Every structure is written in C-alpha cells, then in structure tokens.
Amino acid sequence: MGLSEIRARMDKACAAAGRALGDVELIAVSKVQPEDRVAAVLDQGHRVFGENRVQEAAGRWPAFQERYSGIILHLIGPLQSNKARQAMEMFQAIHSVDRPKIAQAIARLAQEMGHCPDLFVQVNTGEEPQKAGVLPGDVDGFVADCRALDLPVKGLMCIPPVEEEPSLHFALLAKMAARNGLSGLSMGMSGDFERAIAQGATHIRVGSAIFGERDYG
Ligand SMILES: *Cc1c(COP(=O)(O)O)cnc(C)c1O
C-alpha cells in the first residue's frame with residue numbers, strides 16, 4: 001500500500017470528519033519490518049516511527065539516526081521498569097503507561113534525567129484479561145495519580161478487541177480523555193485508522209498498511 005496512499009486516506013478521513021489536515025500524527029509502526037522497508041519510508045521523508053520493544057528499537061535505530069536527522073520514536077508496546085531508563089533515553093513518547101509501578105519509575109527517572117517523554121495511558125477498553133492497560137473504571141484515578149507525580153500525560157491509548165467494532169472503543173476512549181482534560185488520543189491501526197480519525201484520534205499507529213505484512217517467521 002505505502003506511505004502516500006495512507007497519507008491520502010488520512011486527508012480524506014480528516015476532511016470527512018471536518019478536522020484540520022495535520023491534526024493527526026501518523027506513527028509508522030516499523031516493528032519486525034526489514035531494514036530496507038524502513039529505509040524506504042525514511043527516504044520518502046517520513047520521520048515518526050513506532051516500535052513495540054525497547055530492545056528491538058535499540059538494535060536498529062541508532063544506525064538510522066546517523067544517516068537521517070529528525071527521527072522521532074514512539075514506544076507503543078509494553079514497558080518493564082528495568083527498561084524504563086533506556087526507553088526514556090530513546091523515545092520521545094511512550095504510549096503504554098498502565099500501572100503505578102511504571103508510572104513511579106518514570107517519575108523517578110524524569111527527576112534524575114531532567115526530561116520526560118510525552119506519555120499516554122493505555123486503557124484496556126475491552127476489559128480483556130490477556131491485554132495490558134488500565135481498566136476503564138480505573139482511568140480517572142490513574143490519570144490523577146500520574147499527574148500527582150508531575151508526569152506529562154498527553155492522552156490515552158487503546159487497542160480495541162479484534163472481534164468488536166473499534167468505533168465503540170474509540171468513542172469510549174475519547175469520552176474518557178475529554179472527561180480528564182486530555183487532548184491526545186492514540187488509536188487506530190492499519191484496519192481501522194479512518195474510523196479512529198472520525199472519533200478524534202490525534203495519533204494513529206499504522207504498520208502493515210505502510211510496510212507490508214510483518215514476517216514473524
Ligand atoms: C503492531 C501494532 C500496531 C500496528 O499494527 P498494524 O495492524 O500493522 O497497523 C499498532 N499499535 C500497536 C500497539 C501495535 O503493537
């Protein structure tokens with residue numbers, strides 16, 4: 001599919017939703033993708049990328065950062081507290097803040113390092129037992145706790161259950177963000193980013209529609 005087609009579809013979805021073009025940040029999710037595909041997207045001028053794992057990102061991005069300037073990395077996958085320092089050195093945003101222990105670790109490190117990435121609280125909107133994220137009923141309290149730690153919470157993030165209509169989850173996330181005075185909404189992937197834009201997404205995370213299918217083999 002490719003970058004330019006995704007951009008065109010984003011523009012169309014923004015227009016249909018009466019939103020300003022440029023209101024929505026495209027995070028190109030490069031996890032597991034071969035280097036040549038990532039380089040091709042960099043060569044087209046794109047600079048904002050998402051990775052799932054700190055270790056994988058640390059293995060590949062320093063070399064790209066020597067060749068291309070202005071790269072911005074978002075961590076969209078789970079974060080362990082023992083990787084928090086490395087994550088905070090490498091990523092400009094973390095979308096997976098989902099428990100007190102990691103919030104406290106980030107707050108401690110932010111004090112020490114004098115900076116902190118933009119943070120998104122991940123919400124388990126479908127209340128799926130196997131999925132990460134704060135439960136909907138705990139979001140307000142958790143956001144308040146993060147703010148009490150002086151953490152720069154920019155918004156909420158969700159990954160809807162695969163078998164459900166994502167729009168319902170996007171709308172729920174938007175409602176929880178508004179209620180908490182948060183403007184950032186990290187939602188929408190390859191299969192549903194237009195619907196996420198319709199519901200107010202500010203950050204969409206698109207992988208396979210840009211790079212092609214991931215090969216985990
Ligand atoms: C892999 C991943 C994506 C991208 O998924 P695609 O379906 O390839 O667009 C988005 N968000 C998260 C959290 C992911 O892990």
Side-chain angles (χ1 to χ4, degrees), residues 1-10 13 24-38 40-41 44 46-61 72-80 83 87 90-99 102 117-134 139 154-167 169-170 172-174 177 184-217:
M1 202 171 284
L3 187 63
S4 51
E5 189 182 331
I6 297 302
R7 284 252 172 245
R9 286 170 58 186
M10 285 174 69
V24 186
E25 182 91 78
L26 172 62
I27 302 170
V29 178
S30 47
K31 65 178 184 201
V32 190
Q33 298 288 354
E35 311 270 299
D36 59 327
R37 289 188 191 172
V38 180
V41 170
Q44 292 172 70
H46 194 74
R47 289 294 179 271
V48 184
F49 293 85
E51 287 284 349
N52 229 31
R53 302 171 57 138
V54 178
Q55 222 47 45
E56 186 186 347
R60 72 159 20 148
W61 282 101
I72 297 196
L73 298 178
H74 291 246
L75 179 64
I76 60 168
L79 178 60
Q80 266 77 54
K83 297 263 170 62
M90 197 164 37
F91 292 96
Q92 280 74 33
I94 297 175
H95 293 239
S96 50
V97 181
D98 68 348
R99 57 194 191 281
I102 196 71
D118 290 342
L119 302 178
F120 291 77
V121 168
Q122 183 171 351
V123 184
N124 185 358
T125 56
E127 307 193 34
E128 297 172 277
Q130 82 285 4
K131 204 169 259 178
V134 179
V139 169
K154 301 293 179 197
L156 304 179
M157 176 270 219
C158 77
I159 309 169
V162 284
E163 70 284 1
E164 289 180 27
E165 170 51 47
S167 293
H169 293 268
F170 298 154
L172 174 65
L173 197 74
L185 284 170
S186 168
M187 56 190 198
M189 317 196 335
S190 289
D192 56 21
F193 68 86
E194 282 121 328
R195 280 173 281 181
I197 289 172
Q199 298 296 332
T202 59
H203 295 70
I204 60 173
R205 312 178 308 265
V206 180
S208 43
I210 294 176
F211 296 100
E213 291 304 317
R214 284 179 292 276
D215 181 4
Y216 288 96

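Whatever order the structure lists them in is the order used to number ligands and atoms, beginning at 1. If you're wondering where the values come from, they're calculated on a predicted model, not measured in any experiment.
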Atom pair [atom1]/[atom2] of [X] and [Y] - distance to nearest 0.5 Å:
X: R205; Y: I159; atom1: CZ; atom2: CD1; result: 5.5 Å
X: R7; Y: H46; atom1: CZ; atom2: NE2; result: 5.5 Å
X: Q33; Y: D215; atom1: CD; atom2: CG; result: 9.0 Å

Practice item. Count the heavy atoms of every other residue, nucleotide or ligand shown that sit under 6.0 Å from CZ of R60, and state whether that count exceeds 12. Key: yes
Just jot down the ligand 1 atoms closer than 4.0 angstrom to any heavy atom of [X], in number order.
X: I159; result: 13 (C)
X: S208; result: 6 (P), 7 (O), 8 (O), 9 (O)
X: V206; result: 9 (O)
X: R205; result: 4 (C), 9 (O), 10 (C), 11 (N), 12 (C), 13 (C)

Point to revise | Any N or O of G207 closer than 3.5 Å to N or O of ligand 1 | key: yes
Study note, to complete from the structure: re atom 12 (C) of ligand 1, the protein heavy-atom contact at minimum distance is I76 CD1, 3.4 Å
Review point. Tell me: protein heavy atom nearest atom 9 (O) of ligand 1, and distance?
Key: S190 OG, 2.5 Å
Revision key, fill the gap. The side chain to side chain contact (heavy atoms under 4.5 Å, CB included) partner of M157 among H203, H95, M187 is H95
Practice item. Grab the two heavy atoms, one from G184 and one from A177, that are nearest each other, plus how far apart they are. Key: O-CB, 4.4 Å
Check your understanding: Does R214 reach ligand 1, in the sense of a heavy atom lying below 4.0 Å from it?
Key -> yes
Check your understanding: Could you go step by step and tell me if S30 and E51 meet the side chain to side chain donor-acceptor pair (under 3.5 Å) rule?
Key -> CA-CA 6 Å; S30 47; E51 287 284 349; 2.8 Å; yes
Check your understanding: Any idea which of M187, M189, K31 brings a heavy atom closest to atom 14 (C) of ligand 1?
Key -> K31
Point to revise | ligand 1 contact on N52 by region, counting heavy-atom pairs under 4.0 Å | key: side chain
